[in-house]
Amino acid sequence: MRIVPKEFYELPTLELARALIGKLLVHDTPEGRLSGYIVETEAYMGPLDQAAHSFGGRKTKRTEVMFREPGHIYTYQMHTHTLINVVAEDVDEPHAILIRAVEPVEGQTVMQANRNQLPKKQWTNGPGKLTKALGITMAHYGELWYEPPLYIAEGKEVSGISTGPRIGIDNSGEAVHYPYRFWETDNPFVSKYRAPKTPPK
DNA sequence: CCGCAGATCATCT
DNA sequence: GATGATCTGCGGA
């Protein structure tokens, strides 16, 4: 289990989003180690990206951690779910990368229980699902990705990486079309693609 | 298989 | 009081 070092997070946001595909997301819990390969990410490019929480700059308490050093953990609540991000870029450059899906590796019995005994394909194929499966909560807000109990380690080689528009940001103007979503080609745990409402010209 | 409505609550106005 | 970087169940094809 080799934890990915602090320096890794200094990559430019889009390169980091791509480099995260295939890494191992690990959570050491009282019930044992829960882990999965990251198979899908989305980049959010700071104050100029209409889809980012940090669009327009420093405004609310929720996004404060996005303005800190790269490698911080940014969690937030969406309806009843927790979503989890990797903070990227330097201090006062509030970029982040959303982890959208993982492929289950260790602790599968616990994950199945956390996901209400659903079929394996549905354990972690979405940002709210994977946090529930791995027991990730708002308690991790502001922690670091290179220190236990929640961290990222070296994972597997990926066969290929695809890109496309981000999901669930229909009201974000031109940003709807930016190809900031990355996933491992043909991996069955990637969340389902849904075409944007307004197709690109 | 596909699309849509409702859930449900922390966060922000 | 309004709003989601979502998920699930339900109804129809």
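In the text below, chain A, chain B and the rest are named by the order of the sequence lines, each starting its count at 1.
- Judged by Watson-Crick or G-U wobble contacts below 3.5 Å, the nucleotide dC10(C) has dG3(B) as its partner.
- Atom pair His81(A):NE2 and dG4(C):P shows a separation of 16 Å (rounding to whole Å applied).
- Between Thr60(A) and dC12(B) there is a side-chain polar atom (N or O) within less than 4.0 angstrom of OP1 or OP2.
- Rounding to whole angstrom units, CD1 of residue Ile99(A) and P of dA5(C) are separated by 17 Å.
- Phosphate proximity of dT8(C) to Lys129(A): present, with a side-chain N or O under 4.0 Å from OP1 or OP2.
- For the pair Asn85(A) and dA5(C), the criterion of a side-chain N or O lying under 4.0 Å from OP1 or OP2 is not met.
- Atom-to-atom, CD of Gln122(A) to P of dC7(C) comes out at 11 Å; the value is rounded to the nearest Å.
- By the criterion of a centre-to-centre distance under 5.5 Å and near-parallel planes under 30°, the ring of Tyr44(A) forms a stack with the base of dA5(C).
- Between the P atom of dT6(C) and the CH2 atom of Trp123(A) lies a distance of 23 Å, rounded to the nearest Å.
- Per the geometry, CZ belonging to Arg62(A) stands 9 Å off C1' belonging to dA10(B), to the nearest Å.
- In this structure, the side chain of Ser35(A) engages the main chain of Glu106(A) through a donor-acceptor pair within 3.5 Å.
- By the 6.0 Å contact criterion, CD on Glu31(A) is open, its count of non-hydrogen atoms from other residues, nucleotides or ligands being 12 or less.
- Residue contacts for Leu83(A): at a heavy-atom cut-off of 4.0 Å it reaches the sugar-phosphate backbone alone, with no base atom in range.
- Rounded to whole Å, the distance from CG on Leu130(A) to C1' on dC7(C) is 13 Å.
- Note: OH (Tyr74(A)) to C1' (dT11(B)) measures 10 Å, nearest angstrom.
- Here dG4(C) presents its P atom at 15 Å from CZ of Arg166(A), a figure rounded to the nearest Å.
- Side chain of Arg115(A) to main chain of Lys132(A): no donor-acceptor pair is present (N/O by atom type, distance under 3.5 Å, no hydrogens or angles).
- The Thr80(A) side chain lies nearest to dT8(B) when the options are dA5(C), dT13(B), dT8(B).
- Under the Watson-Crick and G-U wobble criteria, each requiring two contacts below 3.5 Å, nucleotide dG1(C) is paired to dC12(B).
- Ile152(A) pairs in a side-chain contact (heavy atoms from CB on, under 4.5 Å) with only one of the listed residues (Ile73(A), Leu20(A), Ile3(A)), which is Leu20(A).
- Lys61(A) comes within 4.0 angstrom of the backbone, heavy atoms only, and of no base.
- By the neighbour-count criterion of 12 heavy atoms within 6.0 Å, atom CD of Glu174(A) is sparsely surrounded, having that number or fewer from other residues, nucleotides or ligands.
- Of the candidate nucleotides dT8(C), dC12(B), dA5(C), dT8(C) has the atom nearest to the side chain of Arg115(A).
- Residue-nucleotide stacking is present for His79(A) and dT6(C), judged by a side-chain ring centre under 5.5 Å from the six-membered base ring centre and planes under 30° apart.
- Closest-nucleotide positions on DNA chain C for Gly128(A) and Gln77(A) were compared, and the one nearer the 5' end corresponds to Gln77(A).
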